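Throughout, a chain's letter reflects where its sequence line sits, starting with A, and its residues are numbered from 1. Every value quoted in this text rests on a predicted model; they were computed, and no experiment measured them.
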Amino acid sequence: MYHRYGPRYWWPGDSKFEVMVGAILTQNTNWRNVERALANLKRAGVMDPQSIMATHHRKLASWLRPSGYFNVKTRRLRSLCRWLIENGGIGQLQRIATPALRKALLSVYGVGRETADDILLYAFDRPVFVVDAYTRRIFSRLGLIQGNEDYDVIRHLFESEVARDAPGYKEYHALIVAHGKAVCRPVPMCECCCIRSLCVFDGNRGDAAT
DNA sequence: ACCCAGGGTCATA
DNA sequence: TATGACCATGGG
């Protein structure tokens, strides 16, 4: 994949905080829409936890609107900022060991396992493997996983099989997304069954494209 | 008129 | 543990 797509330079962002914001905003959302919301925050001069907390929900939501789910994402972003401030900021959090830091992130409203791992890998530079929908799709079609395993089962699999190295994990995940976008498309419905979960093409059609 | 995109929470069984 | 409803915008 590296040979095909080259270095991805992930995660895009001017600061660790911006990476965290992007991780919240990109939940089930096209990155193109996230960029608009990030630009709104920068233009408003609120790309920091204190400014976010000082902004009314209504106004913050209007800036996040292009990224979709803007009401829930407003709450999630503020809960993350509240957590950052209560814990002394990113600099202090850097001193916490990875397992404890991961648990702390997961306790934040709106931060699930993938978002937590995005933040751990790309903002805190921890060697944590991010498992997303593309990872499940690509590697299930390669026959290496079934695809519906629990998140942490797949994460531990990659972390045990791939050398624990943050820069390597960063590049790998970015390449998985690049490959997923370019080639490994979701399984389309076929005329014979018309039900996605029962489609006979599932697991077969993707092979030629992986 | 669909489907999809760099998920997570909550209620329910 | 495992589904389903819900959240919402912009692009193909």
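Not one N or O on the side chain of A:E171 forms a donor-acceptor pair closer than 3.5 Å with the backbone of A:P7. Judged by distance alone, with hydrogens and angles left aside, the side-chain atoms of A:R8 form a donor-acceptor pair with the main-chain N or O of A:Y5 at under 3.5 Å.
Every side-chain contact (heavy atoms from CB on, under 4.5 Å) that A:E149 has, sequence neighbours left out, goes to A:I145, A:Q146, A:V153, A:I154. Residues satisfying the ring pair (Phe, Tyr, Trp, His ring centres under 6.0 Å) criterion with A:F158, sequence neighbours excluded, are A:F129, A:F139. Residues satisfying the side-chain hydrogen bond (donor to acceptor under 3.5 Å, both in side chains) criterion with A:Y2, sequence neighbours excluded, are absent altogether.
Between chain A and DNA chain C, the heavy-atom contact criterion of under 4.0 Å yields a 5' to 3' nucleotide range of C:dC7 to C:dG11.
Within 6.0 Å of the NZ atom in A:K59, the count of heavy atoms belonging to other residues, nucleotides or ligands does not exceed 12. Within a 6.0 Å radius of CZ in A:R65, no more than 12 heavy atoms belonging to other residues, nucleotides or ligands are found.
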Starting from the C-alpha separation in whole Å, work towards a yes-or-no answer on side-chain hydrogen bond (donor to acceptor under 3.5 Å, both in side chains) for A:S51 and A:D48. CA-CA 6 Å; A:S51 299; A:D48 63 272; 2.7 Å; yes

Report all side-chain donor-acceptor pairs from residues 82-93 of chain A shorter than 3.5 Å, counting only partners two or more places apart or in another chain.
residue	atom	partner	partner atom	Å
A:N87	ND2	A:W83	O	2.7

Extract all donor-acceptor atom pairs below 3.5 Å that involve side chains of residues 112-122 of chain A and protein atoms in other chains or at least two apart in sequence.
residue	atom	partner	partner atom	Å
A:R113	NH1	A:D150	OD1	3.3
A:R113	NH1	A:D150	OD2	3.3
A:R113	NH1	A:D152	OD2	3.3
A:T115	OG1	A:Q27	NE2	3.0
A:D117	OD1	A:R102	NE	2.7
A:D117	OD1	A:R102	NH2	3.4
A:D117	OD2	A:R102	NH2	3.1
A:D117	OD2	A:Y151	OH	2.6
A:Y122	OH	A:K170	O	2.8
A:Y122	OH	A:H173	ND1	3.4

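Residue A:H179 contributes atom NE2, which lies 15 Å from atom P of B:dG6 at whole-angstrom precision. Spacing between atom CZ of A:R185 and atom P of B:dC4 amounts to 9 Å, rounded to whole angstrom units. Following rounding to the nearest Å, A:W31 (CH2) and B:dC4 (C1') show an atom-to-atom distance of 18 Å. Going from atom CG of A:N28 over to atom P of B:dG7 covers 6 Å, rounded to whole Å. Rounded to whole angstrom, the span from the CZ atom of A:R137 across to the P atom of B:dG6 amounts to 9 Å.
Side chains of A:L41 and A:L64 form a contact here, defined as non-hydrogen atoms less than 4.5 Å apart. Inter-residue side-chain proximity for A:W10 and A:L175 is flagged as unmet; no heavy-atom pair is nearer than 4.5 Å. Side-chain atoms of A:H156 and A:E159, non-hydrogen and from C-beta on, do get closer than 4.5 Å to each other. The shortest side-chain heavy-atom distance between A:F124 and A:L101 falls under the 4.5 Å cut-off.
Contacts between residues 61-74 of chain A and DNA chain C, counted as heavy-atom distances below 4.0 Å, involve A:R65, A:P66, A:G68, A:Y69, A:F70, A:N71, A:V72. Taking a 4.0 Å limit (strictly below) on heavy-atom distances, residues 148-168 of chain A does not reach DNA chain B anywhere. Residues from residues 32-46 of chain A placing a heavy atom under 4.0 Å of any atom in DNA chain C, listed by number, are A:N33, A:R36. Within residues 103-120 of chain A, the residues approaching DNA chain B are A:V108, A:Y109, A:G110, A:V111, A:G112, A:R113, A:E114, A:T115, by heavy-atom distance under 4.0 Å.
The only member of A:M47, A:K73, A:K16 that meets side chain to side chain contact (heavy atoms under 4.5 Å, CB included) when paired with A:V21 is A:M47.
A gap of 13 Å separates the P atoms of C:dG12 and B:dG6, to the nearest Å. With C1' as the reference atom, B:dA1 and C:dG11 are 14 Å apart, rounded to whole Å.
Sorted by first and then second residue, the ring-ring contact (aromatic ring centres under 6.0 Å, His included) pairs with a member in residues 48-73 of chain A form an empty list; sequence neighbours excluded.
In this structure, a donor-acceptor pair under 3.5 Å is present between the side chains of A:D132 and A:T135. If you check the side chains of A:H179 and A:Y134, you find no donor sitting under 3.5 Å from an acceptor.
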A correct dot-bracket answer for DNA chain B, with pairs being Watson-Crick or G-U at under 3.5 Å, [ ] for crossing pairs and | for inter-strand pairs, is .||||.|||||||

